[in-house]
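Input: a single structure, listed below in C-alpha cells.
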Amino acid sequence: MTVPTPTPDGGRVQLALNVDDLAEAVAFYTKLFGTPPAKQRPGYANFAVAQPPLKLVLLENPGQGGTLNHLGVEVPNTAVVHSEIARLSGEGLFTDEEMGTTCCFATQDKVWVTGPGGERWEVYTVLADSQVFGVSPGHPLATETAGGVCCGATAEEPTSSCC
C-alpha cells in the first residue's frame with residue numbers, strides 16, 4: 001500500500017498503544033510531540049501529530065501499559081478503504097470489513113488484516129465524530145471506556161482494538 005501524503009482529512013500511519021494511566025500518558029506524549037490531544041474522552045485520547053505524520057491513539061487498559069494495541073493507516077475516504085479491500089484480498093490476505101461502525105468515539109469505514117505475528121492492522125477512514133466509544137457490528141456493546149469491547153475485540157479479549 002502506498003500511504004497517501006498527509007492531508008487534513010487523513011493519510012497517516014496510526015499507532016494505538018495500551019497505557020496504564022491515561023493522564024500520565026497524555027502529559028508525556030503532549031511534551032514528546034509538542035501538541036495536545038486532538039480528541040480526549042474517558043479512557044481514550046488521540047493525537048494528530050503533524051511531524052512526523054502520525055495518528056497516536058492511547059487506550060487506557062490498566063495492566064497492559066506499554067504494549068501495542070493495534071496498528072493502522074488512516075486514509076482520506078471510503079473509496080480508498082474499498083480499493084485496499086480489493087488489493088489485500090487480491091494478495092490472498094483475509095480481510096474483516098466493518099463499514100459504518102462506531103469505534104473509539106468516531107464512525108468509520110474500515111478493513112482489518114492480521115500480520116504474521118498476530119498484530120492487527122486496520123485501514124480506515126473517519127466518517128463522523130461520536131459521543132460513544134463504540135459498537136461494532138457483530139460484537140457486543142462497548143462500555144464508554146476504552147476497556148470495553150469494541151471493533152474486533154471479544155469478551156475473551158478485554159483490550160479494545162479499534163480507533
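These values consider heavy atoms only, across backbone and side chains, with no hydrogens, waters or symmetry-generated copies. The structure displayed is predicted, hence computed values, not measured ones.
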Under a 3.5 Å threshold, yes or no: a donor from one side chain and an acceptor from the other, between D109 and T125?
no
Can you pull the salt bridge (Lys or Arg N to Asp or Glu O under 4.0 Å) pairs that have at least one residue in residues 32-46, sequence neighbours excluded?
K39-D129, R41-D129
Can you list every pair that meets side chain to side chain donor-acceptor pair (under 3.5 Å) and has a residue in residues 24-35, with sequence neighbours left out?
none
Scanning both residues in full, the closest heavy-atom pair of D20 with G63 reads OD1-N, 2.7 Å
Please step through side-chain contact (heavy atoms from CB on, under 4.5 Å) for the pair Q108 and M99, ending with a clear verdict.
CA-CA 7 Å; Q108 306 167 358; M99 299 298 147; over 6 Å; no
Would you give the length of the straight line joining atom NE2 of H82 to atom CD of E97, rounded to the nearest 0.5 angstrom?
7.5 Å
Looking only at side-chain N and O atoms, does E119 offer a donor or acceptor that is under 3.5 Å from a partner on H70?
no
If you measure from CD on E74 to CZ on R12, what distance do you get to the nearest 0.5 Å?
4.5 Å
E60 (side chain) donor-acceptor with V19 (main chain) under 3.5 angstrom
no
Applying the 4.5 Å side-chain criterion to the ILVMFWY set and letting contacts propagate, would L127 and F105 be lumped into a single cluster?
no
Looking at side-chain heavy atoms only, is the closest gap between R120 and D96 below 4.5 Å?
yes
Kindly indicate, with the supporting measurements, whether the criterion side-chain contact (heavy atoms from CB on, under 4.5 Å) is fulfilled by V123 and K110.
CA-CA 5 Å; V123 177; K110 65 175 74 187; over 6 Å; no
Can you hop from F33 to V26 via hydrophobic side chains spaced under 4.5 Å?
yes
Using distance alone, with no hydrogens and no angle criterion, decide if Q14 and Y124 have a side-chain donor and acceptor under 3.5 Å apart.
yes
Has N46 got a side-chain atom pairing as donor or acceptor with L56's backbone, closer than 3.5 angstrom?
no
Can you tell me how far the OG1 atom of T114 sits from the CZ atom of F94, to the nearest 0.5 Å?
8.0 Å
Quick one: closest heavy-atom pair of C104 and L59, and the distance?
SG-CD2, 4.2 Å
Checking K55 against F47 for the side-chain contact (heavy atoms from CB on, under 4.5 Å) test, could you report, in this order, the C-alpha distance in whole Å, the side-chain angles of both residues, the deciding distance, and whether it holds?
CA-CA 6 Å; K55 177 79 164 268; F47 291 79; over 6 Å; no
For T67 and Q64, indicate whether the former's side chain and the latter's backbone hold a donor-acceptor pair under 3.5 Å.
yes
Show the nearest heavy-atom pair for residues A106 and V126, with the distance to one decimal.
CB-CG1, 3.9 Å
Joint hydrophobic cluster, L17 plus V73, side-chain heavy atoms closer than 4.5 Å:
yes
Do you know the tightest heavy-atom contact between S89 and T95?
OG-OG1, 3.7 Å
Pick out which of V57, N69, L68, V49 makes a side-chain contact (heavy atoms from CB on, under 4.5 Å) with L15.
L68
